[in-house]
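Below you'll find the structure, written out as structure tokens, and then a few comments.
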Amino acid sequence: MRLTRSLRLLALAGLAFACANPVATASPPASAPTPTARAPVPVQPIASLPSGTQGFPWWNDTVFYQIFVRSFYDSDGDGIGDFNGLSARLDYLNDGDLNTTTDLGVTGLWLMPIHPSPSYHGYDVTDYYAVNPQYGTLDDFKRLLAEAHKRGIRVIIDWVLNHTSSQHPWFQAAQNPASPFYDWYVWSKTPGGSPGWHPSQNGQFYYGFFWSEMPDLNYTNPSVIKEMERATQFWLKEVGVDGFRLDAAKYLIENVAIQNTVETHALYERFRPFYKGVNPQAMMIGEIWDSSGLVADYVQGDELDLAFDFKLAEAIIISARVEKAETVSDVLTADLELFQPGQFATFSANHDQNRVRSQVFGDLNRARSVAGLLLTAPGVPFIYYGEEIGMAGRKPDEQIRTPMQWSAEKQAGFTTGQPWISVNPDFETINAANQVSDPNALLSLYRSLIHLRNQHVALRLGEFARVSSDHAAVFASLRFTEAEIILVVINLGQQPVQDYALTLATGPLKEAQTYPLVPLLAAGHSAAPLAANAQGGFDGYQPVPELPPYSTFIFQLQPGP
Ligand code: CA
């Protein structure tokens with residue numbers, strides 16, 4: 001199994017080297033300046049690099065897409081999305097052909113819980129070694145995995161370690177204080193003074209931080225750690241997933257505090273050599289819904305590989321809402337001080353938050369700003385399914401997890417039966433089929449941004465420099481590696497902007513050199529050359545005379561003679 005996969009990736013790599021044509025894939029519009037016989041900086045397409053670029057891990061070459069399997073695509077008409085349905089729709093996500101741009105281009109999937117569970121969402125597991133039969137069989141899942149890998153897509157799964165379902169056989173057995181499973185959970189003879197304690201039939205009280213039906217596992221018990229290591233090994237080795245998204249990662253061990261305890265950090269330090277021993281390429285990403293400083297504590301090198309940057313997500317939304325660049329620029333700048341280069345995950349909204357369009361006044365234009373900010377930022381981007389077509393949804397949770405809107409057909413093309421929950425009534429206008437051939441649609445912007453990120457190393461791995469602009473609505477940044485320099489300019493505002501000037505006091509440019517610009521995302525625009533100042537930055541620069549409302553520009557700086 002593993003050998004086959006490696007061979008496939010190698011085959012893909014060979015294909016990529018054979019057909020990679022960065023000039024064609026990043027073709028500037030006809031009106032762009034044609035630098036005199038100056039070829040664009042060589043770029044390395046993502047799929048040619050299965051194990052990472054320039055010493056970075058593979059996830060820094062990856063754009064992830066988060067999927068709620070129950071809501072993605074139903075293959076058998078029972079109204080519930082399933083593995084075979086997802087397999088059937090992989091070409092929408094990534095067709096495995098580097099020369100096409102009709103797919104979204106994502107190279108990683110995060111699947112929300114796929115294990116048996118009494119809940120629709122699956123965040124209370126009853127068996128860590130099986131899949132939810134509503135989603136299919138383990139063989140269906142393995143086929144999905146193989147199909148994804150064939151296309152150069154890695155797959156991580158949600159991993160709910162903090163608690164089990166109250167219906168898990170372990171918890172059932174634990175009701176008996178004489179059972180070896182009793183100590184797998186957290187018990188008290190008295191109700192306790194804090195919330196989270198629930199009465200049991202055995203007269204005692206058990207701890208379940210989130211809900212009475214989600215009893216917390218006891219990670220001070222070595223048997224629990226050992227069992228969860230065994231389950232982790234099963235998915236990495238026997239099934240072949242590429243990693244895990246750790247649910248509620250800051251809550252594993254309580255002391256007097258319930259979150260971010262030294263014991264929880266110590267547990268991850270112990271866990272890391274274990275899963276890296278099973279597969280050195282395995283990735284663990286934590287959900288630590290907290291301030292960025294506390295998030296960064298988990299990803300300093302000896303605990304988790306990545307963690308989600310919730311503050312940045314909030315900042316992206318705020319900047320798009322109020323049409324001012326300052327908030328997102330401030331947070332991105334602060335992130336540089338907190339995280340190892342690129343070792344944080346970026347997103348705009350996930351399954352626990354109102355959908356992006358609903359957070360930006362239902363405005364598809366502001367949703368474009370969100371896409372531009374997210375996919376040009378450093379870090380590892382995650383896109384929640386449906387955001388790329390502007391799906392709407394506000395809590396309660398079920399309403400932000402409604403079926404993917406594939407088309408204007410009955411039930412949005414999600415199922416031939418009755419969907420497990422009603423599709424959003426806006427599906428007749430907001431759907432993938434409507435946007436798939438429209439170059440001005442939100443979906444096209446997502447596709448362009450993702451494909452550019454896949455093709456350009458500076459967008460994926462580059463350092464980030466905040467470029468100041470004297471116009472509040474104009475966001476700008478420089479992303480750069482030794483090999484490539486890219487300038488990003490986004491007008492977050494509803495008015496066209498002419499009176500703006502970009503300044504980078506000091507930077508990585510060659511002193512006093514003039515750089516011609518190739519527009520990578522700037523249809524129909526030509527850009528003025530950029531003259532570096534004596535400190536490797538630039539002063540009062542305008543790449544184009546006017547930035548249209550809600551527009552994202554990406555320019556590649558050409559190397560000097
Ligand atoms: Ca189904």
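Just so we're clear, the structure is a prediction, and the values are computed from it rather than from any experiment. Along the sequence shown, the residues carry numbers beginning at 1. One-based numbering, in listed order, for ligands and for the atoms of each.
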Practice problem: Report the name of the N/O/S atom of Asp74 located nearest to the Ca ion (ligand 1). | Solution: OD1
Practice problem: Looking at Asp78, pick out the N, O or S atom nearest to the Ca ion (ligand 1) and give its name. | Solution: OD1
Quiz item: Taking the six-membered ring of Tyr550, is NZ or CZ of Arg368 closer than 6.0 Å to its centre and within 45° of its axis?
Solution: no
Quiz item: Between Tyr384 and Gln353, does any side-chain donor sit less than 3.5 Å from a side-chain acceptor?
Solution: no
Quiz item: Has Gly81 got an N, O or S atom lying less than 3.0 Å from the Ca ion (ligand 1)?
Solution: no
Quiz prompt | Cation over ring face, Arg154 and Phe244, 6.0 Å, 45° | solution = no
Practice problem: Kindly say whether the aromatic ring centers of Tyr385 and Trp110 come within a distance under 6.0 Å. | Solution: no
Quiz item: OD2 (Asp82) to the Ca ion (ligand 1) to OD1 (Asp76): angle, nearest 10 degrees?
Solution: 100°
